[in-house]
Amino acid sequence: MKSNTIRKVVIVGYNRIPFARANTAYSNVGNKEMMTASLNGLIDKYNLKGKLLGEVAGGAVIKHTYDNNLIRECVMQTNLDPATPACDLQQACDTGIESAIYIANKIALGQIDSGIAGGVDSISDMPIAVSEKLRKILLEARKAKSLGEKIKTFLKLRPKDLSPLVPRNEETQTGLSMGGHTEITAKYYKISREEQDEFALKSHLNMAKAYDEGFFDDMITPFNGLEKDNNLRRDSTIEKLAKLSPAFDKVNGTLTAGNSTPLTDGASCVLLASEEWAKEQGLPILAYITFAEIAAIEYVKNQQNLLLAPLFAASRMLEKAELNLQDFDFYEIHEAFAAQTLATLKIWESPELSAEIGLKKTLGAIDRNKLNVKGSSLAAAHPFAATGGRIIGVMAKLINEKGSGRGLISICAAGGQGVTMIIEK
């Protein structure tokens, strides 16, 4: 193969464990157990036992210091050939899809023939840090040469220094949580509470229907007693959603626990390969990854824009692909919050808002009947790094079942970043 040949990248398979609200089904397991379970399900499903793959890439947004080599440790606990290399990546909520892009690029360039991309996050097993003063004193005590010196060092501590530090779900640059930013988004772009609740309800109803139809039967490996995503609310109604209190702005807010994703535990992965490798292994060619784009946006001065970077990623990607936003059979937009997804759709449709935010042109409206047709993050929930693998898997299956077509994926992330991808067949 010539070094300048770009190979097609095939999505061969997918697997995940059910997603669980934090401190429920997976309260006693962590990232390593969940990611390993997701990988083992993929390995069993596609007969990868003992096989040497090009690489496994993935990561977690929240992890312990001893998880510094997380994905490699998980690989070593699976039935893959232990010579399969692995690496950790992290880009907030984009981690899973960025891992897929990393593996896909290596396949496209001929560096590897196959690989797995994934992601995992455990909020239940969240690391707890000590205060900065206690940390320094512990380090100082390690250097002490006698018991007396150690005691003298520890006597510097005060009761307040012993309070644990739990990671805070907020943007370092602004001090606001993701939900706090999205409250500003909802107000700025005039996204009503009713719109958000209706959008959330549709996500739950679509996912419930997909479960009933068996769509997820070959996509999920039961784990730790859980067989389905436990955030799914089959009995959700507009009336029930309307009764929920605002979660972030308690006085004038429109974001609630019902139209926002909860803190979640879970893991997912996808198997990618060259066409040749997939055929040699007798594995399916579900769809192809053809384009992907990463973007970032300023959100400190313009706090309403934290989760809107995919607008720019989509615009640049479509220009490179020479496609219009309407040229797709399916759309999968990550539902971090109903308001964030609705703001994205509103800006796409509005020449004034598109120009204001800085897009080159208005992309236009999409057919909403093609959007998140099997439910998305509001129903399944959102273990940060695992969402990308879940969405890629759903899109690949939709395209494969249709037999041909094109799908657009959009995932926003903390830090004002976002990724888009085109999958087609």
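Side chains are part of it too, since the values below use all heavy atoms of this structure and drop only hydrogens, waters and symmetry mates.
- Between Lys63 and Asp88, at least one side-chain N (NZ, or NE/NH1/NH2) sits under 4.0 Å from a carboxylate O, which counts as a salt bridge.
- The cationic atom of Lys397 (NZ for Lys, CZ for Arg) lies less than 6.0 Å from the six-membered ring centre of Phe215 and within 45° of the ring axis.
- Within the structure, every pair that satisfies the ring pair (Phe, Tyr, Trp, His ring centres under 6.0 Å) test and touches residues 48-95, not counting sequence neighbours, is listed here: His64-Tyr66.
- Ion pairing between Arg234 and Asp212 holds under the 4.0 Å rule for side-chain N and carboxylate O.
- In the model, Arg21 has no side-chain atom that pairs as donor or acceptor with a side-chain atom of Asn230 under 3.5 Å.
- A salt bridge links Glu55 with Lys106: the closest approach of a Lys/Arg side-chain nitrogen to an acidic carboxylate oxygen falls below 4.0 angstrom.
- With Lys187 as reference, Asp249 is the one residue of Thr254, Thr182, Asp249 to meet the side-chain hydrogen bond (donor to acceptor under 3.5 Å, both in side chains) rule.
- Remark: Tyr211 pairs with Phe216 by the ring-ring contact (aromatic ring centres under 6.0 Å, His included) rule, at least two apart or across chains.
- Dense packing is recorded around CD of Glu276, with more than 12 heavy atoms of other residues, nucleotides or ligands lying under 6.0 Å away.
- More than 12 heavy atoms of other residues, nucleotides or ligands shown are found within 6.0 angstrom of CD on Glu213.
- At a threshold of 4.0 Å, the pair Asp329-Lys402 counts as salt-bridged, since one of the basic side-chain nitrogens sits closer than that to a carboxylate oxygen.
- Heavy-atom contacts from other residues, nucleotides or ligands closer than 6.0 Å to CG of Asn68 number more than 12.
- With a 6.0 Å radius and a threshold of 12 heavy atoms from other residues, nucleotides or ligands, Glu298 has its CD atom above the threshold.
- Between Glu332 and Lys374 there is no salt bridge, since no side-chain nitrogen of the basic residue lies less than 4.0 Å from a carboxylate oxygen of the acidic one.
- None of Gln417, His382, Glu98 except one satisfies the side chain to side chain contact (heavy atoms under 4.5 Å, CB included) rule with Cys93; the exception is His382.
- The ring-ring contact (aromatic ring centres under 6.0 Å, His included) test applied to Tyr102 returns no partner, not counting sequence neighbours.
- Arg406 and Thr290 share no donor-acceptor pair across their side chains, judged by distance under 3.5 Å alone.
- Lys202 has no carboxylate O lying under 4.0 Å from a charged side-chain N of Glu198, or vice versa, which leaves the two without a salt bridge.
- For the pair Lys370 and Tyr331, the cation does not sit on the ring face, since its NZ or CZ is not both under 6.0 Å from the ring centre and inside 45° of the axis.
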